[in-house]
Amino acid sequence: MEKTEVKQLLQDPEHYRDREIEISGWVRSNRDQKAFGFLALNDGTHFHSIQVVYERETLADYPRISRLRAGSAVTVRGVLATAPGARQPWEIKAREVIPEAEAPEDYPIQPKRHTREFLREVAHLRPRTNLFAAVFRVRSLAAFALHRFFQERGFVHVHTPIITASDAEGAGETFRVTTMDPLDPPRTHRGEVDYSRDFFARKTNLTVSGQLEAEAFALAFKKVYTFGPTFRAENSNTSRHAAEFWMIEPEIAFAGLEEDMELAEAMIKDVVGYVLAQAPDEMNFFNEFVDTGLRERLQQLLQARFARVTYTRAIELLQQSGQDFSYTPSWGQDLQSEHERYLTEQVFQKPVFVTDYPREIKAFYMKLNPDGRTVAATDLLVPGVGELIGGSQREDRPEVLEERMRELNIDPAELDWYLDLRKYGGVRHAGFGLGFERFLMYITGVNNIRDVIPFPRTVRSCHF
RNA sequence: UCCUCGAUAGCUCAAUGGUAGAGCAUCCGGCUGUUAACCGGAGGGUUGUAGGUUCGAAUCCUACUCGGGGAGCCA
């Protein structure tokens with residue numbers, strides 16, 4: 001008797017053929033007939049379930065086993081054999097089926113198609129479905145591939161803080177972190193809330209980005225990356241926004257925008273290639289049931305050289321397109337979603353870096369170009385998802401940086417440490433932020449961010 | 001936050017002003033290789049909530065709640 005797992009069995013079935021094995025997992029479906037029955041058993045190690053055949057003649061407690069409902073857990077002892085005339089080549093002929101835990105009749109996951117909306121309401125059970133088993137295995141593999149990509153290139157992984165005091169990054173609304181009594185906070189003599197008596201003796205919030213801290217480490221280790229949770233308290237009601245999501249933020253020193261884009265392109269191709277190779281069953285499932293163009297699009301991505309276009313040129317292309325946009329493209333305005341989609345899906349038909357945006361529509365830390373009108377920023381637009389990456393070369397001239405901060409009403413005193421980085425050996429450097437969930441949407445074809453996060457947190461929704 | 005669509009059995013959906021139904025799931029029975037098995041039977045409903053119109057409301061009106069899609073903000 002050998003304890004084993006479905007993944008091992010299906011990787012090398014000949015090795016296990018006719019051998020006594022033991023396997024434990026959950027029942028996906030159970031069909032019994034007069035003399036025998038079939039369990040579809042999934043043990044979580046493999047996308048596919050394995051079929052278990054049990055016979056009335058040889059199984060002592062056949063009536064009980066034949067009534068086991070989907071969701072029940074069992075241990076099966078038997079031999080691996082080829083399945084006659086069956087859809088799957090291998091099955092287990094059970095000698096013994098031991099119920100480990102039975103699921104009552106109100107188990108919500110049926111062997112049928114469920115809507116994603118319903119499954120979100122049972123997020124604790126949805127990883128037992130084909131779709132979510134595939135999504136979350138791919139999520140795990142993609143996370144590993146990202147670490148591997150950076151580690152193999154000598155990048156140092158930085159754990160940037162989750163709680164921060166910098167309120168000046170301009171990356172959206174923040175969640176306040178406090179231990180004060182909301183009904184009766186300490187107050188100053190003028191009646192204002194006195195944050196100096198809060199836990200950290202100042203106003204603090206959950207991080208909206210690890211970039212500024214990553215820059216500090218890039219100016220010591222030369223190549224670093226962060227990979228962690230990020231929090232935005234924005235009232236965004238879309239399929240692409242969550243209040244809690246994960247970001248990858250590489251930062252490289254002695255490098256500019258060109259190197260930044262090369263890094264982003266290599267990273268995306270590496271991870272997509274890894275997932276395609278490591279999760280063929282999951283990717284086949286997405287291609288068949290989620291997005292029938294997925295495989296072709298990802299294969300093209302691996303082959304294609306990502307396009308590069310300046311913001312100024314992109315505006316020209318949009319203006320000359322003859323398209324009837326809801327918003328007329330004009331220089332100085334941010335690109336609308338419809339413009340981004342048109343560029344990546346129609347004009348280039350592949351991922352495209354848009355570079356050198358007007359300074360007025362980008363953040364204070366981005367390097368001012370010699371033309372004085374644009375900054376060395378880039379957004380990577382991809383078909384289907386839109387903006388996947390936002391990056392830039394960082395402003396490394398202290399006087400220009402400080403001037404930009406004053407322009408945008410950011411108090412330089414609050415970010416004195418950030419200005420120090422320019423003061424002491426602050427070479428040119430660049431970086432970008434990749435929204436991990438948006439990347440997963442792109443890889444899997446799943447079109448709602450709530451379905452690529454195990455337990456999603458969005459506006460007015462924080463269950464589980 | 002704005003625009004738009006929706007909410008009926010555990011799930012997916014019918015019923016468009018006149019007796020709330022089907023498929024799946026569940027339960028019972030049948031079936032000698034099933035695989036979204038099949039065949040027969042049974043149970044299962046305050047039609048999202050609160051008001052209103054009407055002889056009569058799942059259906060029409062108002063508000064609210066929740067959800068989908070789109071926009072803005074962004075990753």
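Proteins get letters first, then strands, A, B, ... in listed order; numbering begins at 1 in each.
- Nucleic acid contact for A:Ala70: none, since no nucleic acid atom lies under 4.0 Å from a heavy atom of the residue.
- Listed in residue order, the members of residues 20-45 of chain A having a heavy atom less than 4.0 Å from RNA chain B are A:Arg31, A:Asp32, A:Gln33, A:Lys34, A:Phe36, A:Phe38.
- Among the heavy atoms of the strands, none lies under 4.0 Å from A:Ser326.
- Here A:Gln336 lies in heavy-atom contact (under 4.0 Å) with sugar-phosphate atoms only.
- Side-chain atoms of A:Glu91 come within donor-acceptor range of the base of B:G33, with a qualifying N/O pair under 3.5 Å.
- A donor N or O paired with an acceptor N or O is found under 3.5 Å between the base of B:C74 and the side-chain atoms of A:His241.
- Within 3.5 Å, a donor on the side chain of A:Arg232 pairs with an acceptor on the base of B:A75, or the reverse.
- Consecutive Watson-Crick or G-U pairing (both distances under 3.5 Å) extending over three or more pairs maps onto RNA chain B as B:1-7 with B:65-71, B:10-13 with B:21-24, B:26-30 with B:38-42, B:48-52 with B:60-64.
- Remark on RNA chain B: of its neighbouring residues A:Arg67 and A:Val53, the 5'-side contact belongs to A:Arg67, judged by nearest-heavy-atom nucleotide.
- Checking the phosphate oxygens (OP1, OP2) of B:A71, a side-chain nitrogen or oxygen of A:Arg341 falls inside 4.0 Å.
- Applying the 4.0 Å criterion to OP1 and OP2 of B:G69, one finds that A:Asn448 has a side-chain N or O inside that range.
- A:Ile449 comes within 4.0 angstrom of a nucleotide base, judged by non-hydrogen atoms across all strands.
- Under a cut-off of 6.0 angstrom, the local environment of CD in A:Glu57 is sparse, with at most 12 non-hydrogen atoms contributed by other residues, nucleotides or ligands.
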